[in-house]
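These notes concern the structure reproduced below.
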Amino acid sequence: MKIYKYYLPILLIASLFLIDKSTAGESTPKGKLFIIGGGSRPDAMVNRMINEAELRKGGYVFILPMASEDADSAIIWSGTQFIKNGISRVIGYNFKSGEIAPNNWLDSLRNASLIYISGGDQARFMKVVSGTPVYDAIHAAYQKGAIVAGTSAGAAVMSKMMITGNELLHPKYNETFKCIESGNIEFAEGLGLINNAIIDQHFVIRSRHNRLITAVLENPKVPGIGIDESTAILVSGNRAEVVGNSQVLVFRNTGKKSQLKAGKMGGKIQLEIYLPGDSFKISNSK
């Protein structure tokens with residue numbers, strides 16, 4: 001087992017906790033989600049995460065860097081934002097695909113106050129996590145009351161229907177879909193911490209409207225939530241609060257079904273634009 005040691009004051013407490021099975025079978029999580037659209041994270045945003053997780057009263061941050069190509073650096077840079085704001089109890093571990101996850105690190109993940117998922121490639125993250133004890137440990141922590149946070153790719157993995165970023169009809173990568181057409185958007189299964197919405201990130205700055213509109217037209221029962229950079233939503237139950245510097249856009253399919261002509265899609269979409277401090281209901285249901 002490789003343990004990362006850095007110049008940062010990272011507290012290695014992985015083996016100090018036992019599994020808490022008291023939350024087994026719970027259907028309503030006691031935790032919250034802090035879903036960041038990427039970009040820089042202002043100190044006010046970081047402190048909101050710290051306060052929601054009550055880290056100044058104790059507990060620790062567990063960084064999951066598996067979305068990143070350089071996991072070591074992801075742990076360092078993600079940890080720095082918390083240390084800068086007075087939280088030194090920060091650990092991180094790079095779980096790897098095909099390897100048996102060490103029990104002491106799984107125990108620490110289950111008992112973390114704040115789990116932080118770095119940016120990178122959401123498909124890379126899910127390849128490591130899907131169907132493993134790491135997946136179960138994240139859910140166990142969330143059920144028990146942990147804040148689960150993620151930025152960029154770490155935001156995309158939150159929803160069950162995860163946008164991979166790939167276009168099925170246009171293999172060359174573009175940050176922005178050029179049109180709204182059927183059968184183009186690629187989904188994979190994410191963590192499923194949020195089941196009643198589809199999450200997109202870097203939203204306004206990269207003009208990802210066409211991508212999320214496509215997703216909502218093809219999946220009319222769930223809204224699409226587009227989170228801009230340096231902005232987050234704090235999710236508690238079916239409510240979300242906007243935190244940060246920019247906007248969150250919510251698209252809801254209000255029609256009975258989408259129209260399709262020559263591959264292009266049409267329909268009735270409701271757009272909601274929220275500013276920092278605003279809150280909204282996530283589910284389409286009344």
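Computed from a predicted structure; not experimentally measured.
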Specify the closest pair of heavy atoms between [X] and [Y], including all atoms of both residues, with the distance to one decimal.
{"X": "G59", "Y": "S113", "answer": "CA-OG, 3.2 Å"}
{"X": "A149", "Y": "L114", "answer": "CB-CD1, 4.0 Å"}
{"X": "N253", "Y": "K268", "answer": "OD1-O, 3.4 Å"}
{"X": "I83", "Y": "S88", "answer": "CG1-CA, 4.3 Å"}
{"X": "S182", "Y": "L169", "answer": "O-CD1, 3.6 Å"}
{"X": "N238", "Y": "K281", "answer": "ND2-CG, 3.0 Å"}

What's the separation between atom [atom1] in [X] and atom [atom2] in [Y], rounded to the nearest 0.5 Å?
{"X": "I87", "Y": "Q81", "atom1": "CD1", "atom2": "CD", "value": "11.5 Å"}
{"X": "E218", "Y": "E181", "atom1": "CD", "atom2": "CD", "value": "9.5 Å"}
{"X": "Q122", "Y": "I199", "atom1": "CD", "atom2": "CD1", "value": "12.0 Å"}
{"X": "D200", "Y": "I35", "atom1": "CG", "atom2": "CD1", "value": "12.0 Å"}
{"X": "M45", "Y": "N85", "atom1": "CE", "atom2": "CG", "value": "12.0 Å"}
{"X": "I36", "Y": "S118", "atom1": "CD1", "atom2": "OG", "value": "11.0 Å"}

#### Entry: Within one Ile-Leu-Val-Met-Phe-Trp-Tyr cluster: L275 and F251, side-chain cutoff 4.5 Å
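In one cluster: no.
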### Transitive ILVMFWY side-chain link L271 to I180, under 4.5 Å
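Hydrophobic grouping puts L271 with I180.
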### Task
Would you check, one step at a time, whether the test side-chain contact (heavy atoms from CB on, under 4.5 Å) holds for L191 with I117?
CA-CA 11 Å; L191 286 173; I117 304 171; 3.8 Å; yes
Listing request: all ring pair (Phe, Tyr, Trp, His ring centres under 6.0 Å) pairs with a residue in [range], at least two apart in sequence or in separate chains.
{"range": "residues 114-136", "answer": "F82-Y116, Y135-H139"}
{"range": "residues 154-196", "answer": "none"}
{"range": "residues 141-162", "answer": "none"}
{"range": "residues 28-53", "answer": "none"}

### Query
If we ignore angles and hydrogens, is there a donor and acceptor under 3.5 Å between the side chains of R56 and N47?
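Yes, because at least one side-chain N or O of R56 sits under 3.5 Å from a partner of the opposite role on N47.
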### Message
For T164 and E186, which I'm curious about, is there any donor-acceptor pair between the side chains at under 3.5 Å?
### Response
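Present: a donor and an acceptor within the cut-off.
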Under 3.5 Å, which donor-acceptor pairs do the side chains of residues 221-233 form with other protein atoms, sequence neighbours left out?
from : atom 1 : to   : atom 2 : distance (Å)
D228 : OD1    : V204 : N      : 3.1
D228 : OD1    : I205 : N      : 3.1
D228 : OD2    : S246 : OG     : 2.7
E229 : OE2    : H202 : ND1    : 2.7
S230 : OG     : S40  : O      : 2.9
S230 : OG     : S40  : OG     : 2.9
T231 : OG1    : E229 : O      : 3.0
T231 : OG1    : S246 : N      : 2.9

With a 4.5 Å limit on heavy-atom distance, are the side chains of [X] and [Y] in contact?
{"X": "L234", "Y": "E52", "result": "yes"}
{"X": "D107", "Y": "W105", "result": "no"}
{"X": "M126", "Y": "E189", "result": "no"}
{"X": "V61", "Y": "I91", "result": "no"}
{"X": "L249", "Y": "E272", "result": "no"}
{"X": "V90", "Y": "I75", "result": "no"}
{"X": "T176", "Y": "R211", "result": "no"}
{"X": "K261", "Y": "K264", "result": "no"}

### Message
Main chain of V134, side chain of T132: is a donor-acceptor contact present, judged purely on distance under 3.5 Å?
### Response
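Present.
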### Query
What orientation do Y274 and F280 show, parallel under 30°, tilted 30 to 60°, or perpendicular over 60°?
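Ring orientation of Y274 relative to F280: parallel.
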### Message
Test side-chain contact (heavy atoms from CB on, under 4.5 Å) on R41 and T151; report intermediate values, then the result.
### Response
CA-CA 9 Å; R41 291 167 293 283; T151 185; 3.7 Å; yes
### Query
Should K84 and D43 count as an ion pair when the cut-off is N to O under 4.0 Å?
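Salt bridge: yes.
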### NZ/NE/NH1/NH2 to OD/OE distance under 4.0 Å, R124 and E69
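Yes, this pair counts.
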### Query
Yes or no on side-chain hydrogen bond (donor to acceptor under 3.5 Å, both in side chains) for Q201 and R208, after CA distance, side-chain angles and deciding distance?
CA-CA 8 Å; Q201 11 73 31; R208 285 181 164 168; 3.2 Å; yes
#### Entry: Sequence-distant partners of F95, ring pair (Phe, Tyr, Trp, His ring centres under 6.0 Å), two or more places apart
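Listed in chain order: Y93.
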### Query
Can N219 and M161 be said to form a side-chain contact (heavy atoms from CB on, under 4.5 Å), step by step?
CA-CA 10 Å; N219 300 277; M161 292 187 64; 3.1 Å; yes
### Task
Could you please spell out the steps behind the side-chain contact (heavy atoms from CB on, under 4.5 Å) verdict for I198 and I163?
CA-CA 8 Å; I198 299 168; I163 295 175; 3.7 Å; yes
